[in-house]
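Computed from a predicted model, the values in this text were never measured in an experiment.
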There are 2 protein chains.
Amino acid sequence: MAREQAYHHGALREALLEAGDMVLAERGLKDFTLRECARRAGVSHSAPKHHFGDAAGFLTQIAARGFDRLRESLETRLAAARDLDEEFAETTRAYVGFAEANPEHFRIMFRCDLLHDMDETLVRAAQRTFTVLTNVIRRQRGEPEITLEELNGAFSFAALLEDTLIGWCHIHGFAHLKMERQLRIVPDQDFESLLTRTSARVGRMMRPSS
Amino acid sequence: MAREQAYHHGALREALLEAGDMVLAERGLKDFTLRECARRAGVSHSAPKHHFGDAAGFLTQIAARGFDRLRESLETRLAAARDLDEEFAETTRAYVGFAEANPEHFRIMFRCDLLHDMDETLVRAAQRTFTVLTNVIRRQRGEPEITLEELNGAFSFAALLEDTLIGWCHIHGFAHLKMERQLRIVPDQDFESLLTRTSARVGRMMRPSS
DNA sequence: TCCTCTATCTTGACAGTGCAAAGATTCTCG
DNA sequence: CGAGAATCTTTGCACTGTCAAGATAGAGGA
C-alpha cells in the first residue's frame with residue numbers, strides 16, 4: 001500500500017519510528033513529544049497509540065533501534081582493527097563516537113525509567129550489543145568468540161565476567177562522561193590520544209600474555 | 001522570619017530546594033514538575049521564578065546539591081578505608097551506592113541538556129567531587145593530595161590524567177550501568193564480590209609498586 | 001511617622017502535552 | 001457481500017512551563 005493520504009497509512013509504524021528518530025535527534029529527549037512525531041508522519045496525534053500503546057512503548061522501540069545502530073557501528077569499526085592493541089581502543093572510539101554523534105538516542109537507551117525495560121525487543125537488542133563487547137574482551141583474553149545463546153550461560157566463568165565488566169565500565173563510563181560534558185578537564189587536542197592510551201592499557205590488563 | 005502563612009516566606013529558596021529534593025526522589029525526573037515543588041512549599045506556582053528563573057535554573061541548583069551530597073558520601077566512606085587495596089574499591093562502592101540510593105538525583109546530575117551546565121555553583125560542586133576522586137587516584141599512585149586550585153593547572157602531567165580518567169570511567173560506568181539496570185548479566189549475589197575484585201584490579205594497575 | 005522603591009509572591013491566561021473514550025473509516029475473511 | 005477486526009480521527013480533560021500584570025510586604029530616607 002504505502003500510498004499517500006490514505007486513511008490507512010499502510011506503513012505507519014515504520015513511518016512513526018523514523019519520525020521519532022528525527023524528532024529525538026532534532027529536539028532532544030527533553031522536548032521529545034508523541035504529537036510532534038505524529039505530525040511529521042502526517043497522522044493525528046493519537047494514531048501512535050494503536051501501534052505503541054503509550055509514550056514509553058514508543059520510546060522503547062526507538063531505544064531498541066538505537067542499540068541496533070550502536071551494534072552495527074561497533075561491528076563495522078571492529079572489522080577494520082588490525083591487532084589486539086588497536087581493537088579495544090577502536091571499540092572505545094566507536095562507542096564514544098556513537099554517544100557523541102547520537103547523544104539523544106544514547107540518553108534514551110540508558111533511561112530504564114522511561115522505557116519498558118523488560119520489553120523483549122529492547123532486551124534482545126541490548127544483549128546483542130553486549131555480546132559484541134564481550135567478544136572483544138574474549139579476543140583480548142585469547143578466547144574464541146561466543147554467540148548470544150552461549151553467552152547467557154557462560155558467566156559461571158568469573159574471570160571472563162570480571163574482565164567484561166572492567167571493559168564495559170571503562171567504555172561506557174568514558175562515553176557517558178564525555179557526552180554529558182564532564183570531561184572538561186581534558187583538553188580537546190589531547191582527547192583522542194588519551195582515549196587511545198587509556199583504552200590500550202585497559203585492554204592490555206586483561207590479556208594473559210602481559 | 002520564617003513564620004508560616006506570611007506573604008513573604010522568608011526562606012522560600014531553601015524551602016523550594018528541599019521540596020525539590022523530595023519531589024525528585026518521590027516522583028522521579030520523569031514526573032518532576034515545578035508546580036508540585038511550589039505546592040509542597042506552600043506557595044503559588046510561579047513563586048519559584050523569582051529565585052531560579054526557569055526549570056533548568058532550579059534543576060541546576062538541585063544537581064549542585066546532589067554533587068555536594070555525593071562528595072560528602074565519598075569523603076565519609078573514604079575515611080574508613082584501611083589500605084590502598086580497599087580504598088579504591090570503597091570509592092567505587094560509595095559512588096555506586098549513591099547512584100542506587102539516589103537514582104533520580106544521579107540522573108539529573110548527568111543531564112547537561114537539562115541544566116545550565118556552566119553555572120558556577122554547579123561547576124564548583126562537580127569540581128569538588130572530581131577532586132576527591134583525583135586524590136584517591138593520587139594516593140594509589142603514591143603521590144600527595146592536591147587541592148582544587150592546584151588541580152586546575154596540574155593536568156599537564158599526562159600520566160596522572162590517564163590514571164584519573166581510567167579510575168573515573170570505571171567508577172562512573174559501573175554506577176551508571178548498574179543504576180540503569182544494564183548489569184542484569186551479573187547475578188545479585190555476585191555483585192558485591194565483582195565490584196570489589198574489579199575495582200581492586202583497576203586500582204592496582206595505577207600503583208607504581210606493582 | 002510617612003512615603004517611595006524594590007523585592008517578593010499571586011493571579012490569570014496561553015499554547016502545548018499525554019492519555020482516554022467514542023466515533024469514523026477501511027481492510028479481511030468467512 | 002457482509003460482519004467483525006484493525007486502523008485512524010475527533011473530542012475532551014487535567015496538567016504543565018512560561019509570561020504579563022497585579023498585589024503585598026519590607027527597607028531606607030525625608
- When you measure from the side chain of B:Asp54 to the backbone N and O of B:Gly57, does any donor-acceptor pair fall under 3.5 Å? yes
- Task: Could you state the atom-to-atom distance from CD of B:Glu36 to P of D:dT16 in whole Å?
- Result: 7 Å
- Message: Would you call the rings of A:Tyr95 and A:His172 parallel, tilted or perpendicular, taking 30° and 60° as the class edges?
- Response: perpendicular
- Item | Length of the CG-P vector between A:Asp54 and C:dT17, whole Å | 17 Å
- Query: Given axes from five pairs at either end, by how many degrees does the helix from C:dT1-D:dA30 to C:dG30-D:dC1 bend, rounded to 10°?
  - Reply: 10°
- Taken to the nearest whole Å, CG/B:Leu12 to P/D:dA25 is 16 Å
- Min side-chain heavy-atom separation A:Phe191-A:Val96 under 4.5 Å: yes
- What nucleic acid atoms does A:Ala55 come within less than 4.0 Å of, heavy atoms only: base, sugar-phosphate, or nothing? sugar-phosphate
- Message: Please check this pair: side chain of A:Asp21 against backbone of A:Ile62, looking for a donor-acceptor N/O pair closer than 3.5 Å.
- Response: no
- Message: Is there a side-chain contact between A:Ser44 and the phosphate of D:dC8, meaning an N or O under 4.0 Å from OP1 or OP2?
- Response: no
- A:Arg39 atom CZ is separated from D:dC8 atom P, nearest whole Å, by 18 Å
- Task: Specify whether B:His176 and A:Phe110 have parallel, tilted or perpendicular ring planes, treating 30° as the upper limit for parallel and 60° as the lower limit for perpendicular.
- Result: tilted
- Among C:dC9, D:dT7, C:dA20, the one nearest A:Lys49 by side-chain distance: C:dA20
- Query: How many Å lie between CG on B:Leu59 and P on D:dG17, as a whole number?
  - Reply: 10 Å
Check: protein-nucleotides 11-13 of chain D nitrogen or oxygen pairs below 3.5 Å:
from: D:dT11; atom 1: O4; to: A:His45; atom 2: NE2; distance (Å): 2.8

- Message: Can you measure A:Asp31 atom CG to C:dA15 atom C1' for me and round it to whole angstrom units?
- Response: 14 Å
- Would you call A:Arg71 and A:Asp68 a salt bridge, using N to O less than 4.0 angstrom? yes
- Message: Under 4.0 Å between a side-chain nitrogen and a carboxylate oxygen: does that hold for B:Glu104 and B:Arg27?
- Response: no
- Query: Would the number of heavy atoms belonging to other residues, nucleotides or ligands and lying under 6.0 Å from CD of B:Glu120 be above 12?
  - Reply: no
- Message: Just so I know, are the side chains of B:Thr91 and B:Leu78 near enough to count as touching, which here means a heavy-atom distance under 4.5 Å?
- Response: yes
- Query: How close or far is atom P of C:dT25 from atom NE2 of A:His50, stated in whole angstroms?
  - Reply: 18 Å
- Query: Atom NE2 of B:His51 to atom C1' of C:dC9: distance rounded to whole Å?
  - Reply: 8 Å
